[in-house]
Amino acid sequence: MEYMFNWKNDINKNELDKVINVIKNDGLVIIPTETVYGIAANALSDEACTKIFIAKGRAQDNPLIVHVSDKNMIKRLVKNINEIEEKLIDTFMPGPFTLILEKKDCISDVASAMGDTIGIRMPSNKIIREVIKESNIPLAAPSANISGRPSGTCIDDIIEELKDRVDVIIDGGKCNIGIESTVVKVINNVPTILRPGYITEEDIKKAVGKVEISKNLFKKVNKNEKVESPGMKYRHYAPKTKCILVEKNINQIENIKKILKEYPNACIIGFKEDENTFRNNKYINIGKKEDLREIAKNIFTALRKVDKLKVDVAIIEGVEKEGLGLSIMNRLVRACENNIIS
Ligand code: TXA
Ligand code: MG
């Protein structure tokens with residue numbers, strides 16, 4: 001790492017020039033967005049995008065999301081935008097929303113993993129927006145984590161993991177949302193959710209009247225299978241410690257107690273309300289049961305704490321698979337590699 005900048009309070013103009021220089025020279029920048037931190041580089045440069053894949057140890061068939069500052073930049077990067085796509089852009093951008101569109105040749109083939117499409121996202125976070133706007137360069141940026149690990153939502157969580165793999169780190173404080181963007185592709189005129197995120201199924205239905213959810217979200221996909229969103233094939237969001245997800249139902253607490261009998265040296269990732277019930281165990285509080293926004297914000301930091309606790313397993317309290325809860329459960333199911341108690 002060459003530079004570490006603290007922009008929690010405001011963006012420093014001199015440092016901004018340095019960041020832009022690094023990007024123009026095909027370097028890598030860890031940068032905040034409202035969802036999770038990204039590892040960003042020039043989306044128009046094969047060399048820069050190749051560095052992202054190497055830094056993350058990412059599978060080459062898994063394309064990157066390209067971040068833009070405004071609608072004109074989208075038009076520079078993609079071919080046809082139909083009426084439904086236009087409506088989705090106008091409703092959800094800027095914000096935690098990624099739309100898969102047909103790419104123009106200017107976007108690096110490395111970024112699109114040699115495919116014809118590219119995910120476009122216009123973040124609302126002002127740090128990344130300013131860097132894109134001032135450099136006038138669209139930024140390819142996957143989540144800031146080594147592939148397979150939980151996404152990074154604050155610098156403290158990722159600095160050790162990534163500091164030797166990038167040129168600049170920008171600290172913008174803890175991410176507001178904490179869970180990644182919703183990835184959508186319009187297929188046969190129907191917006192289809194390829195990865196659930198902060199924007200929910202209901203939000204999309206309200207905006208354009210229809211929505212579908214990809215069938216692969218909660219199933220284990222074979223590595224050689226062809227799926228709409230390649231990222232869903234890979235083990236993800238997982239601590240090194242074994243994790244067990246306990247689904248939300250009337251037996252949730254009893255089920256946790258049963259697992260504790262089998263694994264006395266466990267930690268629990270659970271709701272604030274249940275902390276007292278498990279006061280004799282290591283406990284990571286992720287927020288109140290009903291406060292899904294708070295839980296989304298804390299989930300990756302909680303998963304990253306597990307390995308430090310030196311326990312045999314982490315037992316995780318699940319939420320209902322509705323609204324934002326569906327996105328949280330999608331991450332948890334994958335962190336637990338389908339070890340689920342219902
Ligand atoms: O909130 C976010 O989206 C964060 C921040 C940094 O913007 N980015 C992020 O990127 O989560 P990443 O690379 O970790 O996840 C991108 C997901 C993967 O599951 C990938 O397979 C899918 O989006 N994806 C990207 N481009 C795609 C494409 N052209 N077609 C289908 N799926 C695509
Ligand atoms: Mg990721």
Side-chain angles (χ1 to χ4, degrees), residues 28-41 43 49 52-53 55-68 77-79 92-103 107-125 127-129 131-132 138-153 158 161-162 170 172 175-187 192-199 214 216-217 221 225-238 296-297 300 303 327 330-331 334-335:
L28 299 186
V29 180
I30 292 189
I31 194 163
T33 85
E34 69 276 24
T35 56
V36 301
Y37 275 78
I39 305 180
C49 292
I52 295 179
F53 281 82
K56 278 190 64 117
R58 185 180 178 101
Q60 280 181 10
D61 69 349
N62 193 7
L64 305 174
I65 292 172
V66 173
H67 298 68
V68 300
L77 303 177
V78 303
K79 281 181 184 158
F92 297 114
M93 294 190 191
F97 184 81
T98 297
L99 188 60
I100 308 296
L101 294 163
E102 210 184 318
K103 79 166 190 130
I107 291 184
S108 159
D109 287 330
V110 177
S112 62
M114 306 308 285
D116 303 330
T117 61
I118 194 77
I120 297 284
R121 164 154 138 72
M122 191 192 298
S124 60
N125 175 288
I127 293 179
I128 184 167
R129 287 284 290 279
V131 172
I132 299 167
L139 294 180
S143 53
N145 54 275
I146 290 188
S147 278
R149 305 271 298 144
S151 305
T153 53
I158 48 180
E161 186 172 303
L162 297 172
I170 302 172
C175 297
N176 255 330
I177 291 178
I179 198 164
E180 299 91 340
S181 65
T182 307
V183 177
V184 171
K185 184 176 186 180
V186 177
I187 303 172
T192 307
I193 298 178
L194 305 185
R195 177 181 70 181
Y198 192 73
I199 303 287
S214 161
N216 290 324
L217 288 194
V221 183
E225 226 172 294
K226 192 165 163 27
V227 293
E228 279 292 350
S229 182
M232 295 195 303
K233 288 194 295 195
Y234 299 102
R235 175 170 182 265
H236 207 338
Y237 314 116
K297 194 167 175 171
F300 286 131
L303 288 170
S327 310
N330 167 265
R331 308 308 190 266
R334 304 201 38 211

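Both ligands and their constituent atoms are indexed starting at 1 by order of listing. Index from 1, following the sequence. Below, all heavy atoms of this structure are taken into account, side chains as well, without hydrogens, waters or symmetry copies.
Some N or O of Arg195 is nearer than 3.5 Å to an N or O of ligand 1, by distance alone. Checking only distances, Arg121 does come within under 3.5 Å of ligand 1, N or O to N or O. By the 3.5 Å distance cut-off applied to N or O atoms, Lys56 is not counted among the residues near ligand 1. When only interatomic distances are considered, the shortest N/O to N/O separation between His236 and ligand 1 does not fall below 3.5 Å.
Protein N/O/S atoms closer than 2.8 Å to the Mg ion (ligand 2), listed by chain and residue number, are Ser143 OG.
Atoms of ligand 1 found under 4.0 Å from any heavy atom of Glu180 (numbered from 1 in listed order, with element): 1 (O), 2 (C), 11 (O). Atoms of ligand 1 lying under 4.0 Å from at least one heavy atom of Asn62, given by number and element, are 18 (C), 20 (C), 21 (O). Interface of Val183 with ligand 1, defined as ligand atoms under 4.0 Å from a residue heavy atom, comprises 23 (O).
When Ser143, Pro63, Ala40, Pro123 are checked for heavy-atom proximity to atom 9 (C) of ligand 1, Ser143 turns out nearest. Checking Ala140, Ser181, Ala141, Gly38 against atom 2 (C) of ligand 1, the nearest heavy atom belongs to Ser181.
Between the Thr182 side chain and the Gly197 main chain, a donor and an acceptor come within less than 3.5 Å of each other. Remark: side-chain polar atoms of Tyr37 are paired, donor with acceptor, to backbone N or O of Gly172 under 3.5 angstrom. Distance alone, capped at 3.5 Å, is enough to place a donor-acceptor pair between the Arg58 side chain and the Pro63 backbone. Using a distance-only test at 3.5 Å, with no hydrogens or angles considered, no donor-acceptor pair links the side chain of Arg334 to the main chain of Ala238.
In this structure, Lys103 does not count as a contact residue of ligand 1, since none of its heavy atoms falls inside 4.0 Å of the ligand. Every heavy atom of Lys185 sits 4.0 Å or more from the atoms of ligand 1.
Considering every non-hydrogen atom in both Ala140 and Leu64, the closest pair reads CB-CD1, 3.8 Å. Contact between Tyr237 and Ser151 at its shortest, heavy atoms only, is CE2-OG, 3.9 Å.
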Ser143/Glu180 under side-chain hydrogen bond (donor to acceptor under 3.5 Å, both in side chains): CA gap, chis, key distance, verdict: CA-CA 8 Å; Ser143 53; Glu180 299 91 340; 4.6 Å; no

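Ser181 and Thr98 form a side-chain donor-acceptor contact under 3.5 Å, judged by distance and modelled atom types alone.
Under the side-chain contact (heavy atoms from CB on, under 4.5 Å) rule, Lys56 has a single partner from Asn62, Ile146, Leu28, Asn145, which is Asn145.
Residues passing the salt bridge (Lys or Arg N to Asp or Glu O under 4.0 Å) test with Arg121, sequence neighbours excluded: Glu34.
One finds the NZ atom of Lys297 at 13.5 Å from the CD1 atom of Ile179 (value rounded to the nearest 0.5 Å).
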